[in-house]
Amino acid sequence: MHDIRAIRDNPAAFDAALARRGMAPVSPRILAIDEERRAMILAAEQATAEQNRTSREAGAARAAGDEAEFNRLRELLADKKAEIARLNDAARAEDQHLLDLLATIPNLPLPDVPDGANENDNIEIRRWGTPREFAFEPLEHYQIPAARGMDFALAAKLSGSRFAVLSGAVARLHRALAQFMLDLHTGEHGMTESITPVLVRPEAMYGTGQLPKFGEDSYQTTNGWWLIPTAEVTLTNSVAGEMLDAAALPRRMVAHTVCFRSEAGSAGRDTTGMLRQHQFEKVEMVAITTPDQSESEHARMTRSAETVLERLGLPYRTMLLCAGDMGAGARRTHDLEVWLPGQNRYREISSVSTCGDWQARRMNARFRPEGGGKPEFVHTLNGSGLAVGRTLIAVLENGQEEDGSVTLPEALRPWLGGKGRITAAGEMA
RNA sequence: GGACAGGUGGCCGAGUGGUCGAAGGCGCACGCCUGGAAAGUGUGUAGGCGGGGAACCGUCUCGAGGGUUCGAAUCCCUCCCUGUCCGCCA
């Protein structure tokens, strides 16, 4: 949600920023509605003020025992009533009209976000680790003998395509990864862990920006709940409607949840393996900050995600997304792409975004500045830390050996009962 | 699923038709007191929207919407939400 005053103050800058997302200018339409809306509000309020005045006079006349005057004023009010109702309805309709339009407009890219239309225009800002030299042709994760516990046929029987059943060693590895991530973020990155619902009200989906525009990307239950596409929804909306203490910020949260995405429109992409699923698990980080904290927090959160990959010894690169490739709520996004030897390329494994006050306005999440003063909207940030299924893929592909076994990252041992590899037979050893 | 109870400001909580945006308390801000702090004490302190350079003015908001009334936090209706008890259940 955008601040109508900011648009009013500088419509050209607003349109210019949106143009970087490939959007046509909208400020003329917004300003026209806003002007109409304000005229309506003024007319309605003036009429109401007159009504209130007359009503007080009527009360006074009655108190003074002036029945004639009271009756005269009462009739006057009765006549005005319909007109006032009409003006109020019109003012409210215009106000809603503006809100509905603003709710569909994506966030403005920050100045340092590069121009560009799609992922080809993203900029690499960092690279860590060196992809391993293989003496053999590395396999994709679902081809690796050690990953035989990954069963897509069974998942298809139960649910259909784009689901996976994990059994045995891969299931345990998946669980270990999630726990390792949570322990890292809570133990070293100052985040508080939550277990949240994965079914939410529409309001929550609206707050983070999935609704009203992107409902087709998610699933809804028959009684109106939405299945979260990311724990960003629950963690971020935890502060919806709240007035937070500035001293309590930044608030850093992390949650491991299952996520659901219908992935409409990506049919045909990554159809094999568990890279892209309707249901997957993710460890999600969310930070609620004051406006002056959000920049450093974005860097910090990106580092928190990068640290997961570094501890696991997985080569990655950090991308700065171009304006055209960012999600609607983001002002700047860092994507972490992990090296997948089986695909011989880097693939997205985390996305870390700062949303400014765009979500906070939708949620009405504010804080009172230290030393008092008017409430201000908080800033919100979110990032994967990391997508668990994709991390599993990366661990399997990067650790695969010629004999079909997989050598696991040293850092995971405490979560694997001291074990360090999966045999070609699919046994933890 | 059934039966009750309830939704008031940053928080707690009073208020059952009239000048109530709303007592009181807590918190917070500023001052007094103090060597400094605590305690004590005084004053102030809701938010949104609109108008205005500003001071300020208007308007809305006591869960949401509608109704009754000259006038609604207060009465009536509908809906939403929360809690308690019962039933069921991992």
Side-chain angles (χ1 to χ4, degrees), chain A residues 1-9 30-103 195 197-207 211 221-226 234 237-249 251 258 288 290 357 360-378:
Chain A
M1 180 68 65
H2 291 283
D3 182 3
I4 181 62
R5 288 198 191 84
I7 301 172
R8 223 183 270 153
D9 290 346
I30 293 172
L31 293 180
I33 296 170
D34 181 47
E35 203 166 316
E36 181 67 7
R37 159 183 165 270
R38 284 192 286 162
M40 293 292 187
I41 287 173
L42 189 60
E45 289 191 352
Q46 282 173 346
T48 309
E50 193 186 325
Q51 174 187 239
N52 290 343
R53 215 159 36 237
T54 310
S55 179
R56 273 192 297 271
E57 285 169 18
R62 167 173 259 192
D66 189 345
E67 280 299 311
E69 176 68 356
F70 172 69
N71 284 324
R72 186 185 72 82
L73 292 172
R74 198 169 58 162
E75 277 169 36
L76 207 113
L77 281 166
D79 291 345
K80 282 268 178 197
K81 204 169 182 175
E83 185 200 341
I84 287 164
R86 186 179 57 75
L87 287 168
N88 271 328
D89 286 350
R92 203 183 308 173
E94 284 300 328
D95 200 43
Q96 192 59 47
H97 190 184
L98 182 65
L99 284 177
D100 289 346
L101 176 58
L102 289 178
I195 294 171
V198 298
L199 294 173
V200 298
R201 305 175 190 284
E203 291 90 326
M205 294 284 279
Y206 179 89
L211 294 179
T221 66
T222 50
N223 64 346
W225 282 323
W226 289 83
T234 45
N237 277 284
S238 68
V239 299
E242 297 292 319
M243 181 75 70
L244 301 163
D245 261 339
L249 302 177
R251 180 190 289 194
V258 63
I288 310 297
T290 63
D357 64 7
R361 286 179 183 281
R362 293 171 157 259
M363 300 187 298
N364 191 27
R366 298 172 298 172
F367 74 100
R368 201 175 289 279
E370 263 167 310
K374 286 278 181 189
E376 294 177 38
F377 289 107
V378 296

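Chain naming here is simple, since letters A, B, ... match the order of the sequence lines and numbering starts at 1 in each. Values reported hereafter were calculated over all heavy atoms of this structure, with side chains retained and with hydrogens, waters and symmetry mates removed.
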Interatomic distance at P, B:rU61 relative to B:rA73, whole Å: 7 Å
Side-chain N or O of A:N52 closer than 4.0 Å to phosphate OP1/OP2 of B:rU59: yes
Partner nucleotide, any strand, of B:rC56 [Watson-Crick/G-U, under 3.5 Å]: B:rG51
d(CG, A:L102; P, B:rC49) in whole Å: 12 Å
G-U wobble or Watson-Crick pairing nucleotide for B:rU34 (cut-off 3.5 Å, both distances): none
Pair A:N71, A:E75: side-chain N/O donor-acceptor within cut-off below 3.5 Å: no
Atom-to-atom span, CG of A:L76 to P of B:rG71 - whole angstrom: 13 Å
Within-4.5 Å side-chain heavy-atom neighbours: A:M1 and A:Y206: yes
Distance in angstrom units between A:Q46 CD and B:rC49 C1', rounded: 14 Å
Nucleotide paired to B:rA73 in any strand shown, Watson-Crick or G-U, under 3.5 Å: none
Same-atom distance (P) from B:rU78 to B:rA3, integer angstrom: 14 Å
Touch class at under 4.0 angstrom, heavy-atom based, for A:R56 against every strand present: nothing
OP1 or OP2 of B:rA46 under 4.0 Å from side-chain N/O of A:R368: no
Rounded distance in Å - CD (A:E57) to C1' (B:rU19): 14 Å
A:K374, nearest nucleotide to its side chain (from B:rG47, B:rG51, B:rC70): B:rG47
P atoms of B:rG71 and B:rU59, separation to the nearest Å: 15 Å
CD/A:E35: more than 12 non-hydrogen atoms of other groups inside 6.0 Å: no
Given A:M40, A:R38, A:Q46, the one that forms side chain to side chain contact (heavy atoms under 4.5 Å, CB included) with A:L42: A:Q46
Phosphate contact (B:rC81 OP1 or OP2) by A:R201 side-chain N/O below 4.0 Å: yes
Pairwise P distance for B:rG18 and B:rC4, with rounding to whole Å: 30 Å
Closest nucleotide among B:rU59, B:rC49, B:rG48 to the A:I41 side chain: B:rC49
Residue matched to B:rU61 through Watson-Crick or wobble contacts both under 3.5 angstrom: B:rA46
Touch class at under 4.0 angstrom, heavy-atom based, for A:R8 against every strand present: sugar-phosphate
Sub-4.5 Å side-chain heavy-atom contact between A:L102 and A:I7: yes
Under-4.0 Å side-chain N/O to phosphate OP1/OP2 contact, A:R92 with B:rG48: no
Touch class at under 4.0 angstrom, heavy-atom based, for A:R37 against every strand present: sugar-phosphate
Complementary nucleotide of B:rG7, counting Watson-Crick and G-U pairs under 3.5 Å: B:rC80
Contact nearer the 5' end of RNA chain B, comparing A:P375 with A:T54: A:P375
Any side-chain heavy-atom pair of A:D245 and A:F367 under 4.5 Å: no
Atom P, compared across B:rC80 and B:rA46: separation rounded to whole Å: 35 Å
Spacing of the P atoms in B:rA72 and B:rA64 (rounded, Å): 16 Å
Whole-angstrom distance between B:rG6 and B:rG15, as gauged at atom C1': 16 Å
Separation of B:rG65 P from A:D89 CG (nearest whole Å): 12 Å
Proximal nucleotide (of B:rG47, B:rG71, B:rU59) relative to the A:A49 side chain: B:rU59
Sugar-phosphate only, base, or nothing, as touched by A:L42 at under 4.0 Å among non-hydrogen atoms: sugar-phosphate
Close side-chain approach of A:E242 and A:R366, heavy atoms under 4.5 Å: no
Sugar-phosphate, base or nothing in reach of A:D245, heavy atoms under 4.0 Å: nothing
Below 4.0 Å: OP1/OP2 of B:rU59 and any side-chain N or O of A:N88: no
Which nucleotide in B:rU59, B:rG47, B:rG71 has an atom nearest any side-chain atom of A:S55: B:rG71
B:rC77 versus B:rG21 - spacing of their C1' atoms, nearest Å: 26 Å
G-U wobble or Watson-Crick pairing nucleotide for B:rG1 (cut-off 3.5 Å, both distances): B:rC86
A:D34/A:R37 ion pair, N-O < 4.0 Å: yes
Residue mapping more 5' on RNA chain B - nearest nucleotide basis, A:R5 or A:M243: A:M243
